[in-house]
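Below is one structure; the comments refer to it alone.
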Amino acid sequence: MANGQWYPPEWPELIRALADGTLTPVRPRRAATVMLLKDTGGGPAVHMLRRRASMAFAGGAYAYPGGGVDPRDDERHVRWAGPTRAWWAGRLGVDETTAQAIVCAAVRETYEEAGVLLAGPTPGTVVGDTTGDDWEADRAALIARDLSFAEFLDRRGLVLRSDLLGAWTRWITPEFEPRRYDTWFFVAALPEGQRTRDVSSEADRTVWIRPADAAAAYDKGELLMMPPTIATLRQLTPYETAAQALAAAPDRDLAPVLAQARLEGGEIVLSWPGHDEFTKHIPTATGGGPA
C-alpha cells in the first residue's frame, strides 16, 4: 500500500449498494475517544492501541482509547468538576444529558482501555495509583457493563474532571458501513502520578509515540490507521506540549466530518470533506478496487 490507510475490501460493494438504493444506512451510535498526551523531551507523545486483527471493526488499525456511550450515563447524577453540562452541551452540539453521557464515555473508556482515570475525590484533584485489585475489579465490571460509570463514580466518591478534557473534533462513520459511530474526539494530558497500562481486551499492542513519528510511519505504510486517526495525529504535530494542545481545543471546529460518495466519470469517488488525502476512486463495475 502507498500508505497505511485502513480500507476494508468490502467497501466498494457497500458503496455501490448505497448508490443504487439497496442499502439503508444504519443510525450511528454515539461514541467518544481520547487522545491521551504526555510530555517528553522531544515534545508530546500520544497513547495509541493496535486493535486486534480479530476485531470486527478496524482490526489491525492503530487508534486511541474509546468506545460507545452507555445510555445509563444520560440521566444519573454525576459529581462534576469543570465546565457545566450546559457548556458542554453547547460545545458538543447536543442536549445536556447527551453531553454528560459523551463526557462520561470519554473518561470511562480511557480508564477501561488505558487504566487512566480523569477523576478525583475533590474538584481539584485526581486519583493516584489505580492498579490495585479492587480498582481492577471495578474496571472489569465497567467493561462487562455490570456497573455504569455513574455508579462507579458514586461508589468511589469521585468527581469527574471534565476540565481535564478538551473537545477536538467529531467524525461520523460513512453511511455505507454496517457499524457506524458518531464519535467526539477529545484531548487530555496524562495526570501526574498515573500511568497507562496495557489492559485493553481489544488491543494487542500499546505505544506512546510522537504524533509526527506516527504520521511518518503511516505515510510509509508501516502503521495502519482509519482516516480520523491519522487526521488528528497531523493536527497534533504543531504543539510542543500537552498543555498547548489542551489550550487550543476550545477553538477547534466540531462540525462533523462525514464521508461522501458520488458518481463521477464512470467511477465512484469517495471523499472526506476537508481531507483530500483520503479520497478514493472506485470503478462502478462490480469487483473493482480503490485507486
If you compare all heavy atoms of [X] against all heavy atoms of [Y], which two are closest, and at what distance to 0.1 Å?
X: A242; Y: P44; value: N-CB, 4.0 Å
X: L14; Y: P178; value: CD1-CD, 4.0 Å
X: L164; Y: V126; value: CD1-CG1, 3.6 Å
X: L158; Y: P121; value: CD2-N, 3.8 Å
X: G166; Y: A249; value: CA-CB, 3.7 Å
X: I102; Y: A32; value: O-CB, 3.6 Å

*asked:* Determine whether the aromatic ring centres of residues F149 and Y111 are separated by less than 6.0 angstrom.
replied: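 No, the ring centres sit 6.0 Å or more apart.
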Strictly distance-based, threshold 3.5 Å: is any side-chain N or O of [X] a donor or acceptor partner for the main-chain N or O of [Y]?
X: W184; Y: L92; answer: yes
X: R161; Y: T125; answer: yes
X: R79; Y: L160; answer: no
X: T196; Y: A114; answer: no
X: D73; Y: A150; answer: yes
X: R180; Y: P174; answer: yes
X: R170; Y: P256; answer: no
X: T130; Y: G115; answer: yes

*Y218 and T229: side chain donor to acceptor below 3.5 Å*: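 No, no side-chain donor-acceptor pair sits under 3.5 Å.
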*Indicate whether any N or O donor in one side chain lies under 3.5 Å from an N or O acceptor in the other, for D276 and T279.*
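Their side chains do not contain a donor-acceptor pair, so the 3.5 Å distance test is not met.
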Kindly compute the distance separating [atom1] ([X]) from [atom2] ([Y]), expressed to the nearest 0.5 Å.
X: T169; Y: F185; atom1: OG1; atom2: CZ; answer: 7.0 Å
X: Q194; Y: L118; atom1: CD; atom2: CG; answer: 7.0 Å
X: T241; Y: L37; atom1: OG1; atom2: CG; answer: 9.5 Å
X: H275; Y: W171; atom1: NE2; atom2: CH2; answer: 4.0 Å
X: D133; Y: D138; atom1: CG; atom2: CG; answer: 11.5 Å
X: R108; Y: E113; atom1: CZ; atom2: CD; answer: 9.5 Å

Let me check something: do [X] and [Y] share a hydrophobic cluster, defined by ILVMFWY side-chain heavy atoms less than 4.5 Å apart, either directly or through other members?
X: V159; Y: L142; value: no
X: V94; Y: L258; value: no
X: V269; Y: L18; value: no

Is the shortest side-chain heavy-atom distance between [X] and [Y] below 4.5 Å?
X: C104; Y: V78; value: yes
X: L233; Y: M48; value: yes
X: Y239; Y: V187; value: no
X: L254; Y: R91; value: yes
X: W88; Y: L165; value: yes
X: V103; Y: R85; value: no
X: I172; Y: T183; value: no
X: P123; Y: D163; value: no

_Lys/Arg N to Asp/Glu carboxylate O, R16 vs E13, below 4.0 Å_ = no
_side chain to side chain donor-acceptor pair (under 3.5 Å) between Q100 and W80, worked out_ = CA-CA 9 Å; Q100 173 177 292; W80 192 275; over 6 Å; no
*Would W168 and T33 count as a side chain to side chain contact (heavy atoms under 4.5 Å, CB included) if you check the C-alpha gap in whole Å, the side-chain angles of each, and the deciding distance to 0.1 Å?*
CA-CA 10 Å; W168 191 262; T33 190; over 6 Å; no
*Check the pair W272, L270 against side chain to side chain contact (heavy atoms under 4.5 Å, CB included), reporting the backbone distance first and the verdict last.*
CA-CA 7 Å; W272 281 258; L270 175 62; 3.7 Å; yes
_Residue pair T232, Y64: steps toward the side chain to side chain contact (heavy atoms under 4.5 Å, CB included) verdict_ = CA-CA 10 Å; T232 49; Y64 312 114; 2.9 Å; yes
_Counting only heavy atoms from other residues, nucleotides and ligands, does the tally under 6.0 Å from CD of E240 exceed 12?_
no
*Apply side chain to side chain contact (heavy atoms under 4.5 Å, CB included) to V107 and L153, showing your working.*
CA-CA 11 Å; V107 178; L153 292 174; over 6 Å; no
*side chain to side chain donor-acceptor pair (under 3.5 Å) between E177 and W11: does it pass, once the steps are laid out?*
CA-CA 8 Å; E177 255 290 324; W11 269 16; 2.6 Å; yes
*Using salt bridge (charged side-chain N to carboxylate O under 4.0 Å, His left out) as the criterion, list what pairs up with R145, not counting sequence neighbours.*
E109, E112
*Do we get R156 above W135's six-membered ring, with its NZ or CZ under 6.0 Å from the centre and within 45° of the axis?*
yes
